[in-house]
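Just the heavy atoms: all of them, side chains too, but no hydrogens, waters or symmetry mates, feed the values below.
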Amino acid sequence: MRALVYVQHLLGTGHVVRASAIARALLAQGVDVILLLGNTPPPTLDLAGLAIETLPPVRAADASFSRLVTPEGQPIDDDIRHARAERLLTLVETIRPDILLTETFPFGRRAFAQELLPALNAARARARPALVAASVRDILVKKSDPAKTRWMAEVARTHYDCVLVHADPALVRFDASFPHAAEIADLIRYTGFVYAPSSPQPPGDDGRGEVIVSCGGGPVGARLLQAAVTARPHAHRATGTWRVLASASHGDDRLAALAAAATPGTIVEPARPDFSGLIKRAAVSVSQAGYNTVLDVLSAGCPAVLVPFAEGDETEQTQRAEILAARGMAIQLSEGHVTPERLAGAADQACVADRPTLAIDLAGAEKSARLLIAEAKKRDREERT
């Protein structure tokens with residue numbers, strides 16, 4: 001059995017981390033997998049052992065997601081769009097996957113419909129059609145235009161056999177952020193959360209009793225980082241070392257500026273591949289509310305302060321933070337109001353807050369692989385009869 005897993009991440013790293021975890025799970029269950037990347041993978045992501053194909057890389061110019069650019073920052077043109085579409089179609093026709101999985105699309109990445117829809121049609125038009133599945137996180141960014149969500153539901157109904165929602169419905173359901181979920185309910189399969197913890201263990205006592213501040217893998221979270229490097233003197237309970245991690249996307253100049261501004265007892269360093277291990281040892285995690293980071297925090301059982309990314313029209317992280325805060329599982333602080341004093345106060349509060357026990361399904365990668373294999377075999381049996 002062959003699978004092609006398409007992923008297009010634009011700013012952060014959550015999409016490609018989830019897609020690679022599912023690809024690994026399929027590989028572990030005997031499927032020949034190709035992971036197709038539409039952007040340059042982050043340096044913290046281990047792709048060793050996976051078969052990788054690439055499209056001409058494209059990323060978002062900034063956090064507004066309003067412009068797509070090359071890695072060098074040049075606007076993409078029709079030549080790049082055509083090259084990507086041709087490359088994707090050729091791969092589908094050459095590989096002839098039994099499973100074609102698209103990460104996010106059609107519930108996002110509408111700008112890439114020009115390349116994806118012909119590929120989906122080709123995969124389904126074969127004598128033995130591929131199983132076409134969508135892979136989507138727990139919470140979508142809410143759309144102000146109802147026509148856009150209607151389009152998502154129509155494309156899912158027309159082109160897809162199933163929709164894998166990577167969430168535990170005990171915590172959050174897809175209809176909390178997608179108004180047409182009921183219309184495609186027969187396609188939806190809840191998989192649990194796709195959790196891919198980092199494997200290296202931190203050296204020495206790194207992380208032990210510390211406040212770990214992070215901002216994910218993208219170039220966002222500057223206000224959080226700036227407040228964090230001078231927050232420790234204002235803390236009364238969260239008085240261990242504050243370790244502030246900045247992603248590579250922030251650049252060396254910002255990292256140096258943050259380090260120069262840091263108060264005593266504060267360490268500033270690049271994002272680390274042993275982040276999951278640091279969080280397990282931490283006194284408090286201070287982070288944005290991205291999918292992967294939240295799962296690291298929930299898995300570790302670490303007291304948490306969430307400062308969700310909310311620039312432009314982004315609603316996903318705020319909604320996730322609100323859900324966790326309402327259950328007493330985190331302290332929420334608005335990105336627009338973050339200051340060193342407020343950040344220290346929230347960390348102090350997290351140190352002493354009662355944390356409810358809630359068992360959350362984190363086996364989403366393995367369950368996704370089993371579901372895809374079972375659905376593909378079922379489809380093949382139906383086509384043969």
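- Considering CG of Leu101 and CG of Leu26, their distance stands at 7.5 Å, rounded to 0.5 Å.
- With a 6.0 Å radius and a threshold of 12 heavy atoms from other residues, nucleotides or ligands, Arg2 has its CZ atom above the threshold.
- A donor-acceptor pair is defined here as one N or O able to donate and one able to accept, closer than 3.5 Å; such a pair exists between the side chain of Glu335 and the backbone of Ala310.
- Put simply, CD on Glu316 and CG on Leu140 are 8.5 Å apart, with the number rounded to the nearest 0.5 Å.
- Using a 4.5 Å heavy-atom cutoff, the side chains of Val244 and Thr266 are in contact.
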Any chance you could lay out the salt bridge (Lys or Arg N to Asp or Glu O under 4.0 Å) test for Arg243 and Glu269, step after step, and finish with the verdict?
CA-CA 8 Å; Arg243 188 180 298 270; Glu269 59 185 4; 3.0 Å; yes
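- Defined by atom type and a distance below 3.5 Å, a donor-acceptor pair is missing between the side-chain atoms of His9 and Arg59.
- A side-chain donor-acceptor contact under 3.5 Å links Asp348 to the backbone of His236.
- Residues Ile360 and Leu295 fail the side-chain proximity criterion, which asks for heavy atoms closer than 4.5 Å.
- Within 6.0 Å of CZ on Arg126 lie more than 12 heavy atoms contributed by other residues, nucleotides or ligands.
- In plain terms, the two heavy atoms of Ile139 and Val172 that are nearest each other are CG1-CG2, 4.0 Å.
- One distance of note links CG of Leu68 with CD1 of Ile80; it measures 10.0 Å at 0.5 Å rounding.
- In this structure, Ser287 contributes its side chain and Cys215 its backbone to no donor-acceptor pair below 3.5 Å.
- Residue-environment remark: CG (Asp145) exceeds the threshold of 12 foreign heavy atoms within 6.0 Å.
- Between Asn292 and Gly14 the shortest heavy-atom distance is ND2-CA, 3.0 Å.
- Looking at Asp46 and Pro273, their side chains never come closer than 4.5 Å, going by heavy atoms from C-beta outward.
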Between Arg84 and Asp79, does a salt bridge (Lys or Arg N to Asp or Glu O under 4.0 Å) hold up when you go through it step by step?
CA-CA 9 Å; Arg84 286 175 56 100; Asp79 288 343; over 6 Å; no
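- Atom CG of Asp186 has more than 12 neighbouring heavy atoms from other residues, nucleotides or ligands inside a 6.0 Å radius.
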Determine, stepwise, if the pair Asp361 / Phe193 fulfils side chain to side chain contact (heavy atoms under 4.5 Å, CB included).
CA-CA 6 Å; Asp361 186 352; Phe193 290 98; 5.7 Å; no
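- Looking at Cys351 and Pro303, their side chains never come closer than 4.5 Å, going by heavy atoms from C-beta outward.
- Aromatic ring centres of Phe107 and Phe174 lie closer together than 6.0 Å.
- Cation-pi geometry between Arg18 and Tyr291 is met: under 6.0 angstrom from the ring centre, within 45 degrees of the axis.
- Contact record, Pro202 with Leu278: CG-N, 3.5 Å, taken as the closest heavy-atom pair.
- By the neighbour-count criterion of 12 heavy atoms within 6.0 Å, atom CZ of Arg96 is sparsely surrounded, having that number or fewer from other residues, nucleotides or ligands.
- For the side-chain hydrogen bond (donor to acceptor under 3.5 Å, both in side chains) criterion with Asp138, the lone passing option out of Gln319, Arg320, His166 is Arg320.
- Inter-residue side-chain proximity for Glu183 and Arg150 is flagged as met; some heavy-atom pair is nearer than 4.5 Å.
- A donor-acceptor contact shorter than 3.5 Å links the side chain of Thr158 to the backbone of Glu154.
- Side chains of Tyr195 and Asp296: a donor on one and an acceptor on the other come within 3.5 Å.
- Between the side chain of Arg342 and the main chain of His337, a donor-acceptor pair closer than 3.5 Å is present.
- No donor-acceptor distance shorter than 3.5 angstrom exists from the side chain of Thr104 to the backbone of Gly108, with no hydrogens or angles considered.
- Separation of atoms CG (Leu306) and OG1 (Thr318) is listed at 10.5 Å; rounding is to 0.5 Å.
- Residues Leu171 and Leu324 are in side-chain contact: their nearest non-hydrogen atoms beyond the backbone lie under 4.5 Å apart.
- Expressed to the nearest 0.5 Å, how far NE2 of His15 lies from CG of Leu37 amounts to 13.5 Å.
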What do the steps show when you test Val286 against Leu333 for side chain to side chain contact (heavy atoms under 4.5 Å, CB included), and what is the final call?
CA-CA 10 Å; Val286 177; Leu333 184 61; over 6 Å; no
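- Just one of Ile95, Val5, Ile52 meets the side chain to side chain contact (heavy atoms under 4.5 Å, CB included) condition when paired with Ile34; it is Ile95.
- Although no hydrogens or angles enter the test, the distance criterion places a donor-acceptor pair under 3.5 Å between the side chain of Arg87 and the main chain of Thr54.
- Taking CD1 of Ile212 as the reference point, atom CD1 of Ile279 lies at 6.0 Å (rounded to 0.5 Å).
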Kindly determine whether Arg272 and Asp206 satisfy salt bridge (Lys or Arg N to Asp or Glu O under 4.0 Å), including the steps that lead there.
CA-CA 11 Å; Arg272 297 169 47 152; Asp206 282 11; 3.1 Å; yes
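- No hydrogens or angles considered: a donor-acceptor pair under 3.5 Å links the side chains of Tyr6 and Glu115.
- Side-chain atoms of Arg109 come within 3.5 Å of backbone N or O of Gln8 as a donor-acceptor pair.
- At distances below 3.5 Å, at least one donor-acceptor pair connects side-chain atoms of Arg124 with backbone N or O atoms of His159.
- Within the 4.5 Å cutoff, side-chain heavy atoms of Ser20 are placed close to those of Leu50.
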The test is side chain to side chain contact (heavy atoms under 4.5 Å, CB included); show your working for Val165 and Arg189 and say whether it passes.
CA-CA 6 Å; Val165 177; Arg189 313 284 189 272; over 6 Å; no
Side chain to side chain contact (heavy atoms under 4.5 Å, CB included) for Lys377 and Ile373? Distances and angles first, verdict last.
CA-CA 6 Å; Lys377 288 181 177 178; Ile373 293 168; 3.7 Å; yes
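- No side-chain heavy atom of Val229 sits under 4.5 Å from any side-chain heavy atom of Trp242.
- At least one donor-acceptor pair under 3.5 Å links the side chain of Thr149 to the backbone N or O of Pro146.
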